[in-house]
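Okay, so here's the structure we're looking at.
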Amino acid sequence: MAFQKIISVFPLQVLLVLLALDSSNAQKLKVGFYCKTCPDLEAIVSRTTHQYISRAPTLAAPILRMHFHDCFVRGCDGSVLLNSTPNSQAEKGAVPNQSLRGFDVIDAVKSAVEKKCPGVVSCADILALVTRDAVRMVHGSFWEVPTGRRDGRVSLASEANRGLPPPFANITQLKALFAAKGLSAKDLAVLSGGHTIGTSHCPSFTNRLYNFTGKGDTDPKLDKNYIAQLKTKCKPGDTTSRVEMDPGSFKTFDEDYYTLVAKRRGLFQSDSALLDDTETKAYVTKQATTRGSTFLTDFGVSMVNMGNIGVLTGNNGEIRKHCAFVN
């Protein structure tokens, strides 16, 4: 009988030990993760980010996009920051990422942090913090950023080409892509509001102007007057010109994006797609008619949700010394 009790208890003890060992790899992110190991972290990040964004506020948009693109491929692990190698093209080389800017800002912040706290703070966390501060510096939201991410060691252009939501996506595709990352339809509507800042190259939307269904037609979901305006900025075959995503306030983080979408003036098909779903359309309408009454608060919440995608914690990944290279 005593022997049987030992046998029955032993598997439970093994399970508890395994769970204890695994807990080091299943830690959750938390606000103030570095409060003891790098107490001045957020001040250093804010100060260094301000030095760049104050001189070039248009960098806020591509940095925000960089964080989004990082999280949607392999999770928020800083893989978008890695350089390609002779044998492998990194995410930076993917078509959707070739227009990203602001890597120098991330490198400068990382360098400043390393001087104070060497080998402590991940590039993934630095990207998340810089994004928050850059958005705030163009009159956007402030949100507390949970930290504790570690850096990934793999970065593949092929995964970015496949995994990032394209500007041509319809609402069904968008909701599926977001749901696969644990994000809701509301997160989709809220995070799309990030298009209130920044510019886009013509090829991301010119099919809507000149050849929407292959018959030389325009997108019927796009306002005709807006089409005429866009045609003056983007001629057929133009691959270099840029257009403001939120005309008139593309340097300011505000609710105007939703007013434009509600008027059928969203630049991308993915913007117009928000009107094709009951929940996302309701959110667009609410923000457009209430001057963005909840947008800034909602944006912070959805950014935290996005920032939790596929994170590496505990003993997984590494803390890179330089964000563009694995250790």
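Keep in mind that this is a model prediction, so the values were computed, not measured. When reading the values below, keep in mind they use all heavy atoms of this one structure, side chains included, and skip hydrogens, waters and symmetry mates.
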Does NZ or CZ of Arg55 lie under 6.0 Å from the centre of the six-membered ring of Tyr52, at an angle within 45° of the ring axis?
yes
Determine, for Phe178 and Lys186, whether the Lys NZ or Arg CZ falls below 6.0 Å from the six-membered ring centre while staying within 45 degrees of the axis. no
Any chance you could measure [X], atom [atom1], to [Y], atom [atom2], to the nearest 0.5 Å?
| X | Y | atom1 | atom2 | value |
| --- | --- | --- | --- | --- |
| Met66 | Leu59 | CE | CG | 8.5 Å |
| Leu209 | Ile227 | CG | CD1 | 6.5 Å |
| Asp298 | Glu255 | CG | CD | 12.5 Å |
| Cys117 | Lys115 | SG | NZ | 13.0 Å |
| Ile63 | Thr49 | CD1 | OG1 | 7.0 Å |
| Leu191 | Met306 | CG | CE | 6.0 Å |

Shortest non-hydrogen contact between [X] and [Y], atoms and distance:
| X | Y | value |
| --- | --- | --- |
| Ser270 | Pro166 | CB-O, 4.1 Å |
| Phe168 | Gln173 | O-OE1, 4.4 Å |
| Ala157 | Gly93 | CB-C, 4.2 Å |
| Gly194 | Phe253 | CA-CE1, 4.3 Å |
| Ser122 | Arg149 | OG-O, 2.8 Å |
| Pro165 | Leu174 | CB-CD2, 4.2 Å |

Neighbour count >12 (heavy atoms, 6.0 Å) for atom [atom1], [X]:
| X | atom1 | result |
| --- | --- | --- |
| Lys181 | NZ | yes |
| Arg101 | CZ | yes |
| Lys231 | NZ | yes |
| His322 | NE2 | no |
| Lys175 | NZ | no |

Applying side chain to side chain contact (heavy atoms under 4.5 Å, CB included) to Glu159 and not counting sequence neighbours gives Val73, Arg74, Leu156, Arg162
Pair Thr218, Lys224 - check side chain to side chain contact (heavy atoms under 4.5 Å, CB included), show working. CA-CA 9 Å; Thr218 59; Lys224 291 182 179 179; over 6 Å; no
Asp256 meets the salt bridge (charged side-chain N to carboxylate O under 4.0 Å, His left out) criterion, sequence neighbours left out, with none
Quick one, [X] and [Y] - any side-chain contact, counting heavy atoms below 4.5 Å?
| X | Y | value |
| --- | --- | --- |
| Glu42 | Val45 | no |
| Val135 | Trp143 | yes |
| Phe205 | Pro167 | no |
| Thr294 | Gln287 | yes |
| Asp151 | Leu312 | no |
| Lys263 | Thr259 | yes |
| Thr206 | Pro236 | no |
| Arg320 | Leu82 | yes |

Given the rule that I, L, V, M, F, W and Y join up when any side-chain heavy atoms are under 4.5 Å apart, are [X] and [Y] in one cluster?
| X | Y | result |
| --- | --- | --- |
| Val304 | Val301 | no |
| Val284 | Leu260 | no |
| Leu129 | Val31 | no |
| Ile319 | Ile126 | no |
| Ile53 | Phe250 | no |

Query - side chain to side chain contact (heavy atoms under 4.5 Å, CB included) between Val138 and Thr252, worked out - result: CA-CA 5 Å; Val138 291; Thr252 304; over 6 Å; no
[X] and [Y]: side-chain donor and acceptor closer than 3.5 Å?
| X | Y | value |
| --- | --- | --- |
| Asp125 | Thr147 | no |
| Ser79 | Glu91 | yes |
| Asp238 | Ser241 | yes |
| Ser158 | Asn161 | no |

Of Asp219, Asp246, Asp223, the one forming a salt bridge (Lys or Arg N to Asp or Glu O under 4.0 Å) with Arg265 is Asp223
### Task
May I have the step-by-step check of side chain to side chain contact (heavy atoms under 4.5 Å, CB included) for Asp40 and Lys116, ending in yes or no?
CA-CA 8 Å; Asp40 296 330; Lys116 187 75 172 182; 3.3 Å; yes
Do the side chain of [X] and the main chain of [Y] share a donor and acceptor less than 3.5 angstrom apart?
| X | Y | result |
| --- | --- | --- |
| Thr290 | Lys286 | yes |
| Asn97 | Leu100 | no |
| Glu318 | Asn327 | yes |
| Asp133 | Met137 | no |
| Ser204 | Ser200 | no |
| Lys110 | Val121 | yes |
| Ser141 | Leu296 | yes |
| Thr280 | Leu274 | yes |

Below 6.0 angstrom between ring centroids: does that apply to Phe295 and Tyr257? no
Report task. Any chance you could lay out the side chain to side chain contact (heavy atoms under 4.5 Å, CB included) test for His67 and Met303, step after step, and finish with the verdict? Result -> CA-CA 10 Å; His67 184 33; Met303 286 297 290; 3.6 Å; yes
| field | CA sep, side-chain torsions, deciding dist, call: Asp187, Ser184, side chain to side chain donor-acceptor pair (under 3.5 Å) | value | CA-CA 5 Å; Asp187 290 321; Ser184 67; 3.2 Å; yes
So that I can tick it off, tell me whether Arg150 and Asp77 are bridged by a salt bridge, with the cut-off set at under 4.0 angstrom between side-chain N and carboxylate O. no
Contacts satisfying ring-ring contact (aromatic ring centres under 6.0 Å, His included) that involve residues 266-286 (not counting sequence neighbours) are His195-Phe268, Tyr258-Tyr283
